[in-house]
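Below: one structure, written as structure tokens.
All residue numbers refer to positions in the sequence shown, counting from 1.
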Amino acid sequence: MEFSRRSVLSVLPAATLLAVAQPLRAAATSRSGPADSARTAADHATLLGNTVAVFAGTAEANARPEVAPKLASMDRTARSRLAAMDGAGQGELFKGVPLGTSDPNLSTSFQYLYEIALATRTPGPTASDLRDDKAVQRRVVDGLARLHAEYYGDQSKGYYGNWFHWEIGISAYVSRTLVLLGDELAAYRPDLAAVYVASMDGYLRGGKDGDVDLDSRFHTGANLADITTNRILQGAVLADDARIRKAVADQLTVFARIDPYDLRHGVTDGFYADGSFVQHASVAYTGSYGKGLLTRIVQTVKILDGTTYVPGEDLVGVVQGWVADGFAPLIFEGWMMEIVKSRAVSRTGTGYADVAAVVEAVVDLCGYAAGSDAQALAGYVKHVRQTSRASLDPVSFVSPVSIARYTDILNSQAPAKDLGPAASHTAFNAMDRTVHRRPGYAFALARSSDRISKYEYMSGENLMPWFQGDGAHYLYLSGQDQRQAFGCDYFTAVPPYRLAGVTAPVEGRRTVPELYGTLWYDNPERGFTSSSESQNTYVYFPCGTDPYSGGARLGAYGAAGLVQSDDIGYAAQQAGELPDDFVAYQNARATKSWFMFDDEIVVLAAGVSGQADRAVTTTVDSRIAAPGAPVSLTGRLHDRTPWHGTGTAPLAWLRYADAEQETAVGYVFLSGPRPTVALDTVTRSRRVIRLSNPDTAVTKQVFTLSYDQSGGSRPTAMAHVLVPNASEQQLASYARGPLSVTANTVRLQAVRHTGLGIVAANAFAPGTHHADRLAIDGPASVLLRRAADGTFSISVSDPTTRRHTVSVTLHGRHLHPLSADDGLHIRRVPGGTRLDVTTHHAYGRSFTATLR
């Protein structure tokens with residue numbers, strides 16, 4: 001979906017957007033005259049009023065019948081918190097939330113106070129009976145005073161546990177509460193707001209002199225948006241215009257596209273040109289931190305609406321670009337894909353719930369967009385509603401106003417429409433992710449490299465993540481309730497060594513808490529504390545050690561390649577750079593390619609080895625189903641003998657079907673060892689993947705299809721095809737084509753699809769590689785398609801991101817360019833046509849040309 005011209009800001013370089021911040025920074029240090037003072041006072045009043053409207057609603061919105069359930073929920077929550085306050089014991093402000101050693105409990109206590117305060121500020125005819133209840137408001141203020149005096153104000157006793165609570169979480173609840181109760185604070189405890197703001201500044205220890213430090217690794221991306229939003233509210237409460245302007249200027253930096261070759265403040269966190277979103281320096285994180293950033297930024301646009309602090313219309317265009325290029329490809333029928341959730345995959349409330357937050361942000365954007373932009377966004381909201389198997393509950397929205405707007409959009413004449421075509425291929429190479437979509441399915445692939453983390457573990461979440469970035473894939477089938485196929489229960493039921501698409505050594509690994517008895521590796525003398533850089537690098541989210549991860553995109557088709565490597569922790573341990581008691585595991589080895597067409601995803605693997613004489617398993621697919629679901633497994637052997645059930649056999653093809661979900665996946669085996677089919681019923685607790693999950697037993701049928709190699713066996717190659725929604729007749733037809741593997745080694749992997757006229761190749765090593773009529777010089781990914789009219793389309797990328805030039809020769813008659821991307825040079829050579837592609841600073845993106 002193309003947005004209008006103002007949305008072009010979403011692809012402007014950082015310098016252009018950062019220039020917007022300069023007047024704000026200058027104003028933050030300048031003195032104002034009487035006219036400026038009047039304007040500033042008006043801005044503060046508008047900002048405070050907007051903030052109350054965002055969180056408590058407006059009289060107009062709250063009078064709407066569809067908003068009543070939200071208001072009732074807010075009222076019930078507040079009354080529950082008041083009851084908990086009444087029943088509190090010693091060392092508690094709320095019953096069951098003991099204080100003094102638990103930072104989550106301290107944050108929860110501030111949250112409960114905010115929820116009570118919120119109910120006292122809801123306007124409208126159906127507002128809570130607690131509205132404007134001065135006695136209740138003063139209980140909240142007294143609670144704030146007590147928490148500060150006994151548990152928060154003394155900073156020599158604070159800052160234990162997770163830094164996030166002290167720098168962001170607590171400050172968010174306190175800042176909003178100060179806004180909501182501003183009048184009562186002024187009358188009852190006029191000193192408390194300033195006292196709290198001073199303490200919040202003191203706890204900003206990742207900052208500089210109590211303020212944001214753009215050079216701090218803690219003040220980036222979503223975290224920076226949270227911190228600066230808090231500081232905007234604090235500035236409004238204190239009538240501190242300089243604080244507001246500085247915070248807005250700092251927040252503007254998150255709108256700037258990340259250029260990996262021209263980093264500002266060394267920051268790699270944020271959105272990239274290809275739609276990727278990275279947080280924690282190297283983690284693919286659109287579905288969690290990216291979602292949080294989107295939410296916070298849209299809230300800031302609403303809070304600043306009508307003030308002179310920022311040109312909001314321009315910023316809306318940037319955020320529209322995020323939605324279209326960064327979020328929409330990752331949402332399938334209302335479900336947020338697993339490949340961008342990182343440690344959040346272990347939480348029980350992800351997937352459809354994630355998308356509710358994105359929808360609320362899009363709903364609010366509709367109020368600031370115009371014309372075709374607004375219609376496109378509204379159409380997307382309706383599209384998500386119509387295609388999702390879970391009904392979105394607007395009560396989960398943060399703002400009552402958003403609920404009213406959501407209802408208006410659903411009742412509007414805007415046609416329901418996705419922001420992208422039904423058939424598409426998205427190469428998120430800046431975060432090592434690939435999404436391939438067709439009517440009926442979506443295929444999502446998670447890769448890793450020396451740039452992007454293999455996984456994320458943190459805070460007792462995602463306890464067994466070891467192979468999630470080693471080519472793990474997720475095949476979403478249209479019409480299915482994705483909670484029955486993926487989500488928390490998938491990772492609970494499927495062993496981490498047998499995630500779909502993964503090559504893993506056959507061994508037992510221990511989680512971080514099992515290894516060290518704590519949630520992290522604790523060794524302060526060697527630089528390992530709970531939030532140290534060493535902890536991040538080697539424990540929480542280690543990168544791989546090979547640069548090859550990426551691929552080419554040609555229209556709606558694509559290729560991706562990966563050289564599976566050890567993580568940086570194992571490499572450092574082997575080099576003697578880490579303490580003796582630090583535990584790291586050696587990975588298996590494999591060179592892999594995925595070639596993605598219309599009805600098929602072709603998967604090649606070569607050089608597959610467990611290393612160190614270990615056995616190794618390469619999982620073709622793993623799927624889960626309800627324990628009583630009518631799962632059937634049918635197929636044929638290469639000698640055409642029918643096959644049913646489980647076991648190891650020379651299969652030509654296999655079909656998995658779940659009649660209850662009306663889903664099916666086919667597998668065609670082109671070469672390699674005999675695959676093994678298994679279907680087991682397993683029961684595990686959700687707590688095995690996240691310590692704070694409820695100890696709820698999950699029982700699932702687990703289907704796995706794999707190649708198993710014994711310890712000490714020679715490196716092996718294999719090739720197979722995933723066929724979503726396949727029938728038995730369709731699978732049987734592959735014996736006659738249209739797919740063929742033309743190379744499958746650690747140097748070159750290539751396939752031909754005669755039905756589409758496509759040759760696709762990934763070259764992994766120096767030298768010249770030949771695939772069909774292609775001659776590829778060095779590591780590269782190439783797609784070539786011949787159309788019925790005799791024209792050729794070609795796409796080339798550098799998956800290593802390190803090459804200055806990639807050269808490809810098309811053998812045969814000389815071809816003339818009809819169109820070509822900048823940086824692609826075409827010339828005649830003996831025996832064919834040569835393309836020299838300037839891939840320097842392209843960060844893995846594809847270059848395309850059309851030739852005749």
Side-chain angles (χ1 to χ4, degrees), residues 1-2 329 420-427 434-441 443 551-561 593-602 604 721 723-724 730 733-734 736-743 748-763 769-777 780-798 806-829 831-837 839 845-852:
M1 170 62 65
E2 292 293 331
S424 65
H425 181 90
T426 307
T434 304
V435 175
H436 187 72
R437 301 175 66 129
R438 290 295 185 273
Y441 76 89
F443 177 78
R553 169 184 172 271
L554 183 62
Y557 304 100
S593 289
W594 297 262
F595 301 108
M596 290 155 273
F597 303 117
D598 288 325
D599 300 319
E600 311 94 357
I601 297 99
V602 184
L604 274 56
V721 186
V723 188
Q730 181 182 1
S733 71
Y734 282 98
R736 301 180 298 277
L739 294 164
S740 59
V741 176
T742 60
L748 176 68
Q749 294 176 329
V751 300
R752 181 191 301 113
H753 194 302
T754 55
L756 296 173
I758 294 177
V759 174
N762 288 327
H769 310 274
H770 296 279
D772 203 84
R773 64 184 296 167
L774 295 169
I776 305 166
D777 180 21
S781 180
V782 183
L783 289 166
L784 176 67
R785 186 181 192 189
R786 181 171 185 173
D789 63 1
T791 60
F792 289 84
S793 299
I794 189 168
S795 177
V796 181
S797 76
D798 166 26
V806 171
S807 297
V808 178
T809 300
L810 278 65
H811 290 298
R813 64 179 179 83
H814 175 59
L815 301 173
H816 299 276
L818 300 179
S819 65
D821 288 345
D822 291 342
L824 204 159
H825 308 281
I826 302 167
R827 58 191 172 94
R828 183 172 188 167
V829 294
T833 307
R834 180 180 172 107
L835 293 82
D836 295 308
V837 186
T839 54
R845 76 174 177 89
S846 296
F847 294 80
T848 61
T850 301
L851 312 170
R852 185 190 296 278

Next item on the list: Measure the OG-CG distance between S793 and L851 for me, rounded to the nearest 0.5 Å.
Entry: 8.0 Å
Next item on the list: Indicate yes or no: at least one non-hydrogen side-chain atom of H436 is less than 4.5 angstrom from one of Y441.
Entry: yes
Next item on the list: Provide the closest heavy-atom pair for L748 versus A761 in the form atom of the first, atom of the second, distance.
Entry: CD1-CB, 4.2 Å
Margin query: Would you compute the distance between atom OG of S795 and atom CZ of R845 and round it to the nearest 0.5 angstrom?
Written below: 10.0 Å
Checklist line | D836 side chain vs H825 backbone, donor-acceptor pair below 3.5 Å | finding: no
Note to self: Main chain of A560, side chain of N762: is a donor-acceptor contact present, judged purely on distance under 3.5 Å?
What the structure shows: yes
Check: Side chains of Y557 and D598: closer than 4.5 Å at any heavy-atom pair?
Finding: yes
Item checked: Side chain proximity check, I758 to F597, heavy atoms < 4.5 angstrom -> yes
Next item on the list: Can you see which heavy atom on S781 is nearest to which on A559, and at what distance?
Entry: OG-CB, 3.7 Å
Margin query: Measuring only between side-chain heavy atoms, which start at C-beta, is Q749 closer than 4.5 Å to V741?
Written below: no
Checklist line | Whether T809 side chain and R834 backbone form a donor-acceptor pair below 3.5 Å | finding: no
Note to self: Once rounded to the nearest 0.5 Å, what's the spacing between atom CG of L824 and atom OG1 of T848?
What the structure shows: 7.5 Å
Note to self: For a quick test of reading the model, state the closest non-hydrogen atom pair linking I794 to V808 and the distance between them.
What the structure shows: CD1-CG1, 4.2 Å
Next item on the list: Would you check if T833 and I826 make a side-chain contact, meaning some heavy-atom pair closer than 4.5 Å?
Entry: yes
Next item on the list: Please confirm whether the backbone N or O of L756 pairs with a side-chain atom of R785, one donor and one acceptor, at under 3.5 Å?
Entry: yes
Notebook entry, point to check: Side-chain contact, heavy-atom cut-off 4.5 Å: H753 with V602?
Noted result: no
Check: Quick one: does I601's side chain get under 4.5 Å of P724's, heavy atoms only?
Finding: yes
Notebook entry, point to check: Which heavy atom in A849 sits nearest to a heavy atom in L835, and how many Å separate them?
Noted result: CB-CD2, 4.5 Å
Check: For S740, which residues count as a side chain to side chain contact (heavy atoms under 4.5 Å, CB included) partner, sequence neighbours excluded?
Finding: T742, R752
Check: How far does CZ of R828 sit from CZ of R813, to the nearest 0.5 angstrom?
Finding: 11.0 Å
Notebook entry, point to check: How close do F595 and A760 get, heavy atom to heavy atom, and via which atoms?
Noted result: CD2-CB, 3.4 Å
Next item on the list: Check the surroundings of atom CZ in R773: do more than 12 heavy atoms from other residues, nucleotides or ligands lie under 6.0 Å from it?
Entry: yes
Checklist line | Under 3.5 Å donor-acceptor, T839 side chain and D798 backbone | finding: no
Note to self: Quick one, D599 with R438, criterion side-chain contact (heavy atoms from CB on, under 4.5 Å). Give me CA distance, side-chain angles, the key distance, then yes/no.
What the structure shows: CA-CA 8 Å; D599 300 319; R438 290 295 185 273; over 6 Å; no
Check: How close do R553 and S846 get, heavy atom to heavy atom, and via which atoms?
Finding: N-OG, 2.9 Å
Next item on the list: Taking the side chain as every heavy atom from C-beta outward, state whether L810 and L774 have any pair of such atoms under 4.5 Å apart.
Entry: yes
Next item on the list: Please list, chain by chain and in numerical order, all residues satisfying side chain to side chain contact (heavy atoms under 4.5 Å, CB included) with S733, sequence neighbours excluded.
Entry: R736
